[in-house]
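Worksheet: the structure to be examined is printed underneath.
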Amino acid sequence: MTTKRTIRYKSVETKYMEERAQALSGLLNLDRRSFVKASLAAMGAAAAASLDTPFSFQPIRMAHADIGEGFRIAYISDSHLYERDLNDRFVNALLRAVDDVNALDPQPDFVLYGGDLAQLGQAKELDLGAQILKELKAPVRMMVGEHDWYLDMGEKWRALFGEPNYSFDHKGVHFVVLNSVVEADFWTARKMSPMERMKTVAGLDNGWQSSFTVGDAQREWLKTDLEAIPTKTPLVVFSHSPLYKLYKPWNFWTDDAEQVQAILKRFQRVTVVHGHTHQLLTNRIGNIHFHGMLSTAWPWPYAPEGLPELTVQMARPDPFNPQDGCGDGQIIVHPDGLADKLYNLWNRNPVTVKKTYLASKGKTDRPEGSPRSSY
Ligand SMILES: [Fe+2]
Ligand SMILES: [Fe+2]
């Protein structure tokens, strides 16, 4: 005789898995209704895993009260999406970022997506990312990362999002978006397949791949683009890799950084915002203020050398929490062209790095760092 067992209580894991399944089924046909369902499920999954923060939005309101005539941009980056049936954790993380940004009131003027939308540049990964980003209420501007590009040399990315370098003006600020992950051909001589090339670029610097650059052609384009822009115009440049040399063995590096900095030198107020390094980084070189932004997928540890001294390190003390050290952010562009950046680390209080901190080279307004040690 067999006995039928009735399960009365669902474990946290069971609920979590059911919510994940619901989130993914919502993504199969991502119209507005199913997206809301998918987003709610993703938020539920995050809550079940104790990833939710009750503090996300309060400091954002405070920052908003502060901006005067300035405006805000939201920043989402480095989602590294796999196909949804291979990995849904990163999908949920991007859904969470979209939700966080959609909940802002008022909405940011636009959202900058900072690159590495895909993990291995595959059409399904990029399509999935494009589908999710379409749900942002604010207009979206795209930047490319190396993970998006080196399977088909940007063919799919360009078909979805257009050319990777462009500029535009917004409320008196000149914005430039660069493709800073241009590599010299290391694959033809080695007879690499497209996927071998992609995986080589996706790895750390193994001595095979070339360094990231902005490259001769794009530097010429940048010079021409900036020719007619008065020196006093505030300038904000988005690049995927940092436009300075941080740590080459991990490709935290742009090889022609000094040449790009030289092009930007005549401007009085320049802010460079980058992704790629998946961590809080703050730097100032002459007239240029650099802000490294968060990934939604995973945090990198800090490099063993070269950390910019203005960086207020984020602590990532919980190895069992895969979202620890991830998040999205905001750039608050002030009328004088300089920017505050706000990091929305998902499981702690957001951190604001004020323009005055960089302008004073760290003498005033040092943001409060975590009392816990970083790795
Ligand atoms: Fe990345
Ligand atoms: Fe990257």
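Quick note: residue numbers are just sequence positions, from 1. As the structure lists them, so they are numbered: ligands from 1, and atoms in each ligand from 1.
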If you measure from the Lys or Arg side-chain nitrogens to the Asp or Glu carboxylate oxygens, is any gap between K223 and E220 under 4.0 Å? yes
For the pair D216 and R219, find out whether any cationic side-chain nitrogen is under 4.0 Å from an anionic carboxylate oxygen.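 Judged by the 4.0 Å cut-off on N to carboxylate O distance, D216 and R219 do form a salt bridge.
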Considering just N/O/S atoms, say which atom of D78 is closest to the Fe ion (ligand 1).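 Distance check against the Fe ion (ligand 1) picks out OD1 in D78.
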By atom name, which N, O or S atom of H278 is the nearest to the Fe ion (ligand 1)?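 Closest N, O or S atom of H278 to the Fe ion (ligand 1): NE2.
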CD/E125 to NE2/H80 distance, rounded to the nearest 0.5 angstrom?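 Here the rounded value is 10.5 Å.
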Atom nearest to the Fe ion (ligand 2) - D116, N, O or S atoms considered: OD2
Return the name of the atom in E146, of element N, O or S, nearest to the Fe ion (ligand 2). OE1
Suppose we only count N/O/S atoms under 2.8 Å; would H240 qualify as near the Fe ion (ligand 1)?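 Under 2.8 Å: H240 has no N, O or S contact with the Fe ion (ligand 1).
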Cation over ring face, R141 and F238, 6.0 Å, 45°: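 No, R141 does not sit over the ring of F238.
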Closest non-hydrogen atom pair between L133 and V140, with its separation: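 What the structure gives for the nearest pair is O-CG2, 3.9 Å.
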Checking only N/O/S atoms, does H276 have one that is under 2.8 Å from the Fe ion (ligand 2)? yes
